2 protein chains.
Amino acid sequence: MPLDVMGLFFFAYRDFVGDADALLERQGFGRAHHRVLYFVNLRPGMPVADLLDILKITKQSLARVLRQLVDNGYVEQKTGETDRRQRLLYATEKGRGLFETLSATQTSRIEAAIAALPPEGKRTVLRFFVGMVEPEDRGLLDRLKLTEEL
Amino acid sequence: MPLDVMGLFFFAYRDFVGDADALLERQGFGRAHHRVLYFVNLRPGMPVADLLDILKITKQSLARVLRQLVDNGYVEQKTGETDRRQRLLYATEKGRGLFETLSATQTSRIEAAIAALPPEGKRTVLRFFVGMVEPEDRGLLDRLKLTEEL
DNA sequence: AATAAATGTCAACAAGGCTGACATAAATTT
DNA sequence: AAATTTATGTCAGCCTTGTTGACATTTATT
């Protein structure tokens, strides 16, 4: 059993998400807000349904977090042009700023970890991650343009 | 910004921990119970303080989860021999069985992901994980013997 | 004998998951 | 045109698993 992979995966993720926690708390936000900010920054104009699919949470859970982000001016919703039922999500200038602040420590942690690897290290790690994702969701990774280095 | 690493890390961890969720629910347990089972299986005889340090949660949070595991016969506590204040944690036969059931799908997912990598792939991934962990906790990884393949 | 350490316990609270029910506007189908 | 489906929102209540603070017990250390 690859117990070492399981354990190190746990520790690595624990410290990866922990980076932003102190900063988030100052805004009265939590990890759920961070995840939304990440995806809204990554692909501006994403409809609510896509975000639900990605986060694999219920619309009621998302609604709570999203409302706080909208009310505080970090995210804005625009009616879709082709389908006017959709609410497309965009980070505001303020939202992009917060996301960059939250990402700063995560970025240096990731870059340092990759810099210590052999030449093809980053590609190998990314391929491992893709391999861990449910096959039916791998197309989503492509659509989000997360697999362009592979 | 290594946005791709952040995103793929999220998806990979989401599906990794998701594997056990359905099985856990049948026992009335959650992810917190799984984490405890993992470490107690990995290093039997671990004192409570070490587990608190690893999980980075409060003793009150751990106590609730631990009590359920003990009450249901998955974990047992033995008084430490050298220091009789300690309660050393051991998985029972039942606890080891549940852990193996929970790990089965995770194990195949990990092994498939690694099999698709180049020869040194597993080492590279493990080194990345270690690099993501807080330097002050890397000694703990060694003590848990999670870094033996490196 | 006094203090510190390892653990447990009670109580109250918060974040962020969940379900179920219902509402509205816009698109699609019949 | 009417009926249905889709995308989204909202209200209400529940659960797990985090949190803090206070206090108790047993054992080790000073």
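Just so you know, these numbers come straight off a predicted model, no measurement behind them. Numbers restart at 1 for each chain; the letters A, B, ... are given by sequence-line order, proteins then strands.
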Quick check: on DNA chain D, is the nucleotide nearest A:L52 upstream (toward 5') of the one nearest B:G80, or the reverse? Name the residue that is more 5'. A:L52
Regarding the side chain of A:I57, the nearest nucleotide among C:dC18, C:dT9, C:dT7 is C:dC18
Please report the distance, rounded to the nearest Å, between CG in B:L24 and C1' in C:dG17. 15 Å
Using only side-chain N and O atoms of A:S61, determine if any of them is under 4.0 Å from OP1 or OP2 of C:dG16. no
Please state how far atom CG in A:L51 lies from atom P in C:dG16, giving the value in whole angstrom units. 15 Å
Comparing B:P47 and B:R64 on DNA chain C - which has the more 5′ nearest nucleotide: B:P47
Can you check whether A:F99 and A:F39 have ring centres sitting under 6.0 Å from each other? no
Check ion pair A:E120-A:R127 (N to O, under 4.0 angstrom): no
May I ask you to check whether A:F9 and B:F128 place their ring centres under 6.0 Å from each other? no
Could you check whether B:T82 gets within reach of a base, just the sugar-phosphate, or nothing at all, counting any heavy atom under 4.0 Å? sugar-phosphate
So, is B:Q77 near the phosphate of C:dT7, with a side-chain N or O under 4.0 Å from OP1 or OP2? no
Looking at the side chain of A:R85, which of C:dT7, C:dT19, C:dA26 is the nearest nucleotide? C:dA26
Are the aromatic rings of B:F129 and A:F11 close, with centres under 6.0 Å apart? no
For DNA chain D, note the earliest and the latest nucleotide, 5' to 3', having some atom under 4.0 Å of a heavy atom belonging to chain A. D:dT6 to D:dC11
Atom CD of A:E81 and atom P of C:dA26 are separated, to the nearest Å, by 15 Å
Contacts of B:Q86 and A:F29 projected onto DNA chain C by closest heavy atom; the upstream (5') one is B:Q86
Applying side chain to side chain contact (heavy atoms under 4.5 Å, CB included) to A:T105 and not counting sequence neighbours gives A:D19
Interatomic distance, B:L66 CG vs C:dT7 C1' [rounded to whole Å]: 11 Å
Any side-chain N or O of A:R84 below 4.0 angstrom from OP1/OP2 of C:dA26? yes
B:Y90 versus B:Q77, side-chain donor and acceptor atoms under 3.5 Å: no
Given atom CD of A:Q68 and atom C1' of C:dA14, what is their separation to the nearest angstrom? 12 Å
Using whole Å, report how far CD of A:E25 lies from C1' of C:dG16. 15 Å
Can you measure A:Q60 atom CD to C:dC22 atom C1' for me and round it to whole angstrom units? 11 Å
Would you check if there is a donor-acceptor pair between the side chains of A:Q68 and A:Y74 at a distance under 3.5 Å? no
Can you check the A:K59 NZ to C:dT19 P distance for me, whole Å? 12 Å
